[in-house]
Asker: 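I'd like to ask you about the structure that follows.
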Protein chains: 2
Amino acid sequence: MTDSELVAARPRAAVAGKRERLVASATDLVHRHGVQATTLALVAKAADVPLGNVYYYFKTRDDLIRAVVDGHAQRIDELLAILGRGTTPRDRLAGLARNWADAADLLAESGCPIGGLSADLARLDGGLHECAGLLPRAVLDWATRQFRELGVPDAPAEAASLLARVLGAALLTNAFHDPALMSQEMRRIERTIDDLAAGAAGAR
Amino acid sequence: MTDSELVAARPRAAVAGKRERLVASATDLVHRHGVQATTLALVAKAADVPLGNVYYYFKTRDDLIRAVVDGHAQRIDELLAILGRGTTPRDRLAGLARNWADAADLLAESGCPIGGLSADLARLDGGLHECAGLLPRAVLDWATRQFRELGVPDAPAEAASLLARVLGAALLTNAFHDPALMSQEMRRIERTIDDLAAGAAGAR
DNA sequence: GTCTATACCCAGATAGAC
DNA sequence: GTCTATCTGGGTATAGAC
């Protein structure tokens with residue numbers, strides 16, 4: 001560790017505390033109420049930071065939203081890295097579905113963080129609009145690699161179908177306030193994956 | 001036609017003109033920018049109606065949004081009625097998929113009116129929150145009836161899968177700004193329907 | 001770095017002339 | 001029925017003391 005990193009580390013500890021609290025609060029509010037309804041006053045209050053102080057950490061509101069997106073991107077990468085340790089592509093893809101199934105109650109209550117945020121961003125104009133594809137893209141590319149490794153004929157399309165089912169099921173789960181819908185659809189997705197794995201093995 | 005209808009019909013013609021323009025403008029703005037971003041000032045301007053006059057037709061903003069939802073519900077019923085004239089359940093379900101496929105460009109640009117609106121409503125609180133399931137429910141029930149008539153074992157789950165794929169694909173199409181994704185997934189859905197029809201026929 | 005006070009704008013909604 | 005002017009609240013952002 002160099003001197004410059006050392007000195008920078010200490011003041012940043014306090015700074016990071018508030019900054020992280022702001023991003024965490026914003027992430028929660030964006031998830032529950034959407035990007036548009038997430039006001040700086042609400043975020044500041046939830047993070048227990050004075051409103052005026054928010055602008056020390058984020059130049060504009062868009063910067064804060066962008067930080068929320070980046071946080072999700074990072075968590076997605078971590079999740080996919082963990083799932084990547086599964087021994088077979090089949091297990092890894094099933095793990096992805098199970099991850100959403102485990103969150104069924106949360107999804108029924110507040111919708112899917114990824115799907116909801118992407119939809120919100122796609123309807124804005126400005127720099128944030130371009131970020132709409134960021135989060136789904138990471139999952140889509142990962143799933144495509146798994147299907148390819150599985151030996152499925154059209155891996156990209158199969159991955160798109162999988163992600164569409166997951167995000168669509170989450171949307172319906174939220175609209176109907178019914179976690180059972182999510183559990184059911186994720187079980188069916190696991191079956192689809194098994195069928196594809198069996199089909200690819202049979203063609204081999 | 002009775003006298004009361006006659007006299008009521010004339011003044012209502014002018015009334016309906018503005019009211020309908022307001023609902024049409026609101027529907028368009030809600031579709032493109034979401035419920036939260038749809039302000040009465042924007043709606044009034046787009047409908048060429050003075051802002052203050054909006055409150056003659058709608059007591060509150062929520063009433064106007066509610067009218068937008070009702071309009072969609074009506075159009076969905078009409079669409080499903082038309083699709084219902086298809087000779088086989090397979091044709092009717094394929095028609096549903098084709099309907100979304102035909103709108104690929106619009107979906108890429110502004111997202112799915114039904115999915116986006118439902119997601120928006122689910123994140124509000126108040127009376128509108130309860131309407132979130134209204135639009136998807138109509139499609140889901142219709143599709144369930146078709147799968148049942150097709151002789152598929154678990155018709156409700158199959159219908160949920162179908163609708164999830166459609167809405168999820170629309171969400172991705174919008175996030176990636178890529179109409180091709182929608183076309184591709186709708187073709188694949190048609191194949192799934194064919195497979196299910198063949199499976200049900202084989203089991204008969 | 002922190003926080004109060006506030007500028008400035010735009011939202012939903014209303015009053016009241018016509 | 002129609003429309004202008006306006007009230008009130010809450011949004012983003014800034015100024016400036018500490």
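Letters go in sequence order (proteins before strands), and every chain restarts at 1.
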Asker: Return the CG to CZ distance between A:Asp154 and A:Arg148, rounded to the nearest 0.5 Å.
Answerer: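 Between atom CG of A:Asp154 and atom CZ of A:Arg148 there are 9.0 Å.
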
Asker: Considering only D:dT12, C:dA13, C:dA11, which nucleotide approaches the side chain of B:Thr60 most closely?
Answerer: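 Ranking D:dT12, C:dA13, C:dA11 by closest atom to the B:Thr60 side chain puts C:dA13 first.
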
Asker: Please determine, for the side chain of A:Lys18, which listed nucleotide (C:dA11, D:dT2, C:dT2) has the closest atom?
Answerer: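 Of the candidates, C:dT2 comes closest.
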
Asker: Roughly how many Å is it from CG in A:Leu42 to P in D:dA13, rounded to a whole number?
Answerer: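 For the pair A:Leu42 CG and D:dA13 P, the rounded distance is 15 Å.
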
Asker: Take the protein atom CZ of B:Phe58 and the nucleotide atom C1' of D:dG1, then report the distance between them rounded to whole Å.
Answerer: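 Value for this atom pair: 15 Å.
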
Asker: For the CG atom on B:Asp195, are there more than 12 heavy atoms of other groups (residues, nucleotides or ligands in this structure) within a distance under 6.0 Å?
Answerer: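 Result for CG/B:Asp195: enclosed.
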
Asker: Calculate the interatomic distance between B:Lys45 atom NZ and D:dT4 atom P; express it in whole Å.
Answerer: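 After rounding, the gap between these two atoms is 12 Å.
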
Asker: Provide, to the nearest angstrom, the distance between the CG atom belonging to A:Leu51 and the C1' atom belonging to D:dG11.
Answerer: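 Those two atoms, CG and C1', are 10 Å apart.
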
Asker: Ignoring the backbone of B:Tyr56, work out which of C:dT14, D:dT2, C:dC3 is nearest its side chain.
Answerer: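 Selected nucleotide (nearest to the side chain): D:dT2.
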
Asker: Measure from CD on A:Gln36 to C1' on D:dG10 and round the result to the nearest Å.
Answerer: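 Whole-Å distance recorded here is 16 Å.
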
Asker: Which whole-number value in Å describes the distance from A:Leu64 CG to D:dG11 C1'?
Answerer: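 From A:Leu64 CG to D:dG11 C1': 14 Å.
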
Asker: If you compare every side-chain N and O of A:Tyr57 against the phosphate oxygens of C:dT2 (OP1, OP2), does one of them come in below 4.0 Å?
Answerer: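 Checking A:Tyr57 against C:dT2: at least one side-chain N or O falls below 4.0 Å of OP1 or OP2.
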
Asker: Of the nucleotides C:dA13, C:dT2, D:dT2, which one has an atom closest to the side chain of B:Arg61?
Answerer: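 Given the options C:dA13, C:dT2, D:dT2, the side chain of B:Arg61 is closest to C:dA13.
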
Asker: Distance check needed: D:dT12 C1' versus A:Ile65 CD1, whole Å only.
Answerer: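 Those two atoms, CD1 and C1', are 12 Å apart.
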
Asker: To the nearest angstrom, how far is A:Leu128 atom CG from D:dT12 atom P?
Answerer: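 So the CG-P distance, A:Leu128 to D:dT12, works out to 13 Å.
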
Asker: Is there a side-chain polar atom (N or O) of B:Lys59 under 4.0 Å from OP1 or OP2 of C:dT14?
Answerer: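 No, outside the criterion.
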
Asker: With a 3.5 Å cut-off and sequence neighbours excluded, list the donor-acceptor pairs that the side chains of residues 96-105 of chain A form with protein atoms.
Answerer:
residue	atom	partner	partner atom	Å
A:Arg98	NH2	A:Glu190	OE1	3.0
A:Arg98	NH2	A:Glu190	OE2	3.1

Asker: Got a sec, which residues hit side chain to side chain contact (heavy atoms under 4.5 Å, CB included) with A:Asp63, two or more places apart in sequence or on another chain?
Answerer: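 For A:Asp63, the residues satisfying side chain to side chain contact (heavy atoms under 4.5 Å, CB included) (neighbours in sequence not counted) are A:Phe58, A:Lys59, A:Thr60.
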
Asker: Which of these nucleotides, D:dT12, C:dT14, C:dC3, is closest to any side-chain atom of B:Tyr55?
Answerer: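 Given the options D:dT12, C:dT14, C:dC3, the side chain of B:Tyr55 is closest to C:dT14.
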
Asker: Side chain of B:Asn53 only, please: which of D:dC3, C:dG12, D:dG11 is the nearest?
Answerer: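 Output: D:dC3.
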
Asker: Restricting to non-hydrogen atoms, name the atom on A:Pro113 and the atom on A:Leu107 that form the minimum distance, rounded to 0.1 Å.
Answerer: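 Closest approach of A:Pro113 to A:Leu107, heavy atoms only: CD-CD2, 4.3 Å.
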
